[in-house]
*Asks:* 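Dumping the structure here so I can ask a few things about it.
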Amino acid sequence: MKFRNKMEEIMAGKHRLSEGDRLKLEDKPDEIPPLPKGSDALTPSTKAGWETEAIIRAMISNLHNGRDWESLYIYGGSGKVARDWESFFETIALLKNLEPNETLFLQSGTPYGKMQTTRWAPRCVITNSVIVPHWTPNFEEFVGAGLTVYGQMTAGSFIFIGLQGIIQGTYETIAAAIKTAEKKPKYQQLSEFEKKLTVSAGLGLMSGAQPLSFKMCGKISIIAEVNPNLIDRMYNTGREQGVPYLDYKTESIGEAIAIAKEAAEKDETVSIGVLCNATELLQYLIDNDITPLILTDQTSAHDLLNGYYPAGITYDEADILRVESPEEYLERSRRTVVKHVNLMIELHRNGSETFDYGNNIRQQAYELGVKDAFDYGGFVLEYVRPLFCEGKGPFRWMALSNDPEDIRITDKYAKKLFYDDPQLINWLDLADKYIPFEKGLPARVFWAGFIGRAAFGMLMNKLVADGILKAPVVIGRDHLDGGSVASPNRETEGMRDGSDAIGDYSVINLLGNALSGATWVSYHGGGGVGVGYSLHSGQVILADGTQLSQERLFRVLTWDPLSAILRHAAAGYEKAIEMGEKHNLVIPGKNSTKEFDYRKLYGHIIALVKERTDIDLYEPLEKLELELN
């Protein structure tokens, strides 16, 4: 066969490298790169100071929190922090010597170049797995040829904080699902045991948040997982502190049900991991006439080759088959995902509150002939969109001091600033009780919205300036946010105006954050649901205690949630339009004649922080002078 060019050869698999060659394992260190501790953590080691030091520490923290540091895999099937080990260390070397007015550009996990910009510009701009749409089906061939890499959402954007990063969102989602389920007529048909039972699959570095989140919501959970190592990890996580993520583990579905029933009789809340394929667990429930209150799934179904595991073979056998016969592996996965979704549909019709948790499993089954795959909804459409309309979304920060005490201090001040938000306060109390810090940089996450994000970011900046925190913090978020993502089977499913697949909004979010002064920004394809099914952007901003940082924090952390309000107002959501009216925002087509007073908002935030925490923020700068050379 004659090929027109090298790309066609790549698409035909002619230039596929082995994984070892792609990773450039000759550059891999014998041990995971360490994070500085104690006094060593309190001083930056880079030419540009904390801005670039923060990026380096965030990259290394991702490795410590990730699934397999030696392969650079962080989470979500094949989500990586860098393309290969040579690129990982070259990125760090470039960041160490970057000037304060330069920007480093990364293309799918490898350095692309640097350019003199300004002190206000991001120090790093990242892209991952962005493919021209027509060629997205060939993404794996491009990966195999060493041309790109899957960045997931926070793996390739250096802000993955481990399980906690998803726990609060999972907790909020499950709590909303429970409230919804309890209002439906079929709820009364469930037995007392079924009303307490929740079921899902997956115990990876995202899905592992499920058992603890179910427990925090007062429910019993049974989670299927094919990888015994992941079950052991969740069983051991938090056990020394007396708050294990997974209370029990078993290889028997029958034993898992027995443990759950005994716990229900004693009115206890427990989590149980069972070593089996999800289809086996769901089939058992149906065969034994058990309908759980809540049913979802967090397997890596977005990637049927590298993330999802087919039924009928063991975990180890599947890993061998994937290498020796990828086509047979895919065929087995396709049969399994069809059965998986059909079983979920059956339990949904039996009365389970069933929802897609963003892994694209419905789309996979639909394309394989399951025409009623979308009979049950996605979690954003069912439970989260009203929050997005208010600009609320995931807000996380990491302590560059590598000292958990800095996080505990920020928790204390968060409770002061948000004292009138009982749900947020409750979450911080639960997090303190249940969530141990990960191996990477200490971190915290909660959902905050318009005004709240900027106020808390500016407050933390002043805590650094006043010496209350030992070192700066970096503030970011998941790409799963109200204005930063286009994902028709997840965040933007069923948009009121039909704009589910319009990717412009995620680009606008990215550019707004870059122009507003974010420390690093990222633009990815395929996070959560697979390449070709989503586009999304992220931002991370440093709070180093300076007045310049406060100016940047005000703009970035105002724009980021504002873009969510604008996105949903543009789609016709009344709640978002009402937010615009409430805060005098300019909503084109609705109230274009308004003039939003940024200075007034800035003053309001200064007064709010002072009133609630007794911390004096900097007064706003009148002008900003930047040296260009």
Side-chain angles (χ1 to χ4, degrees), residues 36 38-58 100-101 118-120 122-123 395-418 441-444 446 448 451-476 516-520 539-558 560 598-599 601-627:
S39 60
D40 292 340
L42 305 184
T43 306
S45 63
T46 63
K47 184 181 288 188
W50 281 112
E51 285 189 275
T52 45
E53 181 73 22
I55 304 171
I56 292 170
R57 292 191 191 182
N101 62 346
T118 70
R119 287 291 305 270
W120 188 268
R123 296 285 70 80
F395 177 95
R396 63 182 62 177
W397 63 99
M398 298 192 299
L400 295 177
S401 66
N402 202 8
D403 186 342
E405 185 57 29
D406 271 0
I407 295 298
R408 295 188 183 100
I409 291 170
T410 60
D411 283 352
K412 181 179 76 172
Y413 278 91
K415 289 181 179 180
K416 291 182 178 181
L417 185 63
F418 299 105
L441 293 171
R444 183 67 78 222
F446 56 55
I451 298 179
R453 291 196 211 187
F456 191 56
M458 293 161 72
L459 169 60
M460 286 195 286
N461 186 67
K462 200 58 167 50
L463 295 178
V464 175
D466 293 349
I468 297 171
L469 298 179
K470 296 181 180 68
V473 298
V474 286
I475 301 163
S516 296
T519 309
W520 70 94
Q539 65 80 17
V540 183
I541 183 164
L542 174 72
D544 65 1
T546 63
Q547 191 164 10
L548 179 63
S549 276
Q550 179 173 296
E551 296 295 329
R552 297 166 80 161
L553 286 157
F554 168 70
R555 287 161 177 80
V556 170
L557 297 180
T558 297
D560 213 22
Y598 297 95
R599 191 61 177 265
L601 175 63
Y602 204 130
H604 171 70
I605 290 174
I606 290 174
L608 182 73
V609 170
K610 174 64 175 178
E611 176 191 344
R612 297 189 175 196
T613 70
D614 203 32
I615 295 291
D616 292 302
L617 299 184
Y618 296 112
E619 290 299 315
L621 286 173
E622 294 294 333
K623 61 180 179 178
L624 182 64
E625 295 181 358
L626 296 174
E627 294 182 10

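Along the sequence shown, residues carry numbers from 1.
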*Asks:* So, for Ser401 and Ala41, which heavy atoms are closest and what is the spacing to 0.1 Å?
*Replies:* O-CB, 3.3 Å
*Asks:* Would you say Arg57's side chain and Leu400's backbone share a donor-acceptor pair under 3.5 angstrom?
*Replies:* yes
*Asks:* Before you tell me yes or no, could you show the steps for Ile541 and Thr519 under side-chain contact (heavy atoms from CB on, under 4.5 Å), namely the whole-Å CA-CA distance, both residues' side-chain angles and the distance that decides it to 0.1 Å?
*Replies:* CA-CA 5 Å; Ile541 183 164; Thr519 309; 3.9 Å; yes
*Asks:* Would you say the side-chain atoms of Arg453 pair up with the backbone N or O of Leu557, donor to acceptor, closer than 3.5 Å?
*Replies:* no
*Asks:* May I ask you to test the Thr118-Asn101 pair for a side-chain heavy-atom distance under 4.5 Å?
*Replies:* no
*Asks:* Spell out, as yes or no, whether a donor-acceptor pair under 3.5 Å connects the side chain of Arg444 to the backbone of Trp397.
*Replies:* no
*Asks:* Please report the shortest heavy-atom distance between Ala455 and Ile605, naming the atom on each side.
*Replies:* CA-CG2, 3.7 Å
*Asks:* On the 0 to 90° scale, with breaks at 30° and 60°, tag the Tyr602-Phe554 ring pair as parallel, tilted or perpendicular.
*Replies:* tilted
*Asks:* To the nearest 0.5 Å, what is the distance between CG (Asp411) and CD1 (Ile407)?
*Replies:* 7.0 Å
*Asks:* Return the CG to CD1 distance between Leu601 and Ile606, rounded to the nearest 0.5 Å.
*Replies:* 10.0 Å
*Asks:* Indicate the atoms forming the closest heavy-atom contact of Arg119 with Pro100, along with that distance.
*Replies:* CD-O, 3.0 Å
*Asks:* Answer yes or no: does atom CZ of Arg555 have more than 12 heavy-atom neighbours from other residues, nucleotides or ligands under 6.0 Å?
*Replies:* yes
*Asks:* Hey, what do you get for NZ (Lys610) to CG (Leu617), rounding to the nearest 0.5 Å?
*Replies:* 10.0 Å
*Asks:* Given 3.5 Å as the limit, does a donor-acceptor pair link the side chain of Glu53 with the main chain of Ser45, or not?
*Replies:* yes
*Asks:* If you compare all heavy atoms of Ile55 against all heavy atoms of Trp520, which two are closest, and at what distance to 0.1 Å?
*Replies:* CG1-CE3, 3.2 Å
*Asks:* For the pair Gln539 (side chain) and Val556 (backbone), establish whether a donor and an acceptor sit closer than 3.5 Å, ignoring hydrogens and angles.
*Replies:* no
*Asks:* Quick test of your reading of the model: are Arg599 and Glu622 salt-bridged, counting only N-O distances below 4.0 Å?
*Replies:* yes
*Asks:* Using 0.5 Å steps for rounding, measure from the CG atom of Leu553 to the OG1 atom of Thr558.
*Replies:* 9.5 Å
*Asks:* Begin from the C-alpha positions of Thr52 and Lys47 and carry the test side-chain contact (heavy atoms from CB on, under 4.5 Å) through to its verdict.
*Replies:* CA-CA 8 Å; Thr52 45; Lys47 184 181 288 188; over 6 Å; no
*Asks:* Between Gly452 and Phe418, which heavy-atom pair has the shortest distance, and what is it?
*Replies:* O-CZ, 3.5 Å
*Asks:* If you compare all heavy atoms of Glu551 against all heavy atoms of Glu619, which two are closest, and at what distance to 0.1 Å?
*Replies:* OE2-O, 4.3 Å
*Asks:* Please check: side-chain N/O of Lys462 versus main-chain N/O of Tyr618, any donor-acceptor pairing under 3.5 Å?
*Replies:* no
*Asks:* Under the criterion side-chain contact (heavy atoms from CB on, under 4.5 Å), I'd like the reasoning laid out for Leu548 against Trp120: C-alpha separation, chi angles, the key distance, then a yes or no.
*Replies:* CA-CA 9 Å; Leu548 179 63; Trp120 188 268; 3.8 Å; yes
*Asks:* Supply the atom-to-atom distance Met460 CE to Ile409 CD1, rounded to the nearest 0.5 angstrom.
*Replies:* 12.5 Å
*Asks:* For Ser549 and Gly545, indicate whether the former's side chain and the latter's backbone hold a donor-acceptor pair under 3.5 Å.
*Replies:* no
*Asks:* Less than 4.5 Å apart, any side-chain heavy atom of Thr46 and any of Ile56?
*Replies:* yes
*Asks:* Evaluate the ring planes of Phe456 and Phe395, with Trp represented by its six-membered ring, and classify them as parallel (under 30°), tilted (30 to 60°) or perpendicular (over 60°).
*Replies:* tilted
*Asks:* Could you grab the distance from atom CG of Leu417 to atom OG1 of Thr410, nearest 0.5 Å is fine?
*Replies:* 12.0 Å
*Asks:* Could you check whether any side-chain N or O of Asn461 sits under 3.5 Å from a backbone N or O of Asp544, counting only pairs where one atom can act as donor and the other as acceptor?
*Replies:* yes
*Asks:* Evaluate the side-chain proximity of Lys416 to Ile615: yes if any heavy-atom separation is below 4.5 Å, no if none is.
*Replies:* no
*Asks:* Flag the pair Pro442 / Asp403 as yes when at least one side-chain heavy-atom distance between them is below 4.5 Å, and no otherwise.
*Replies:* no
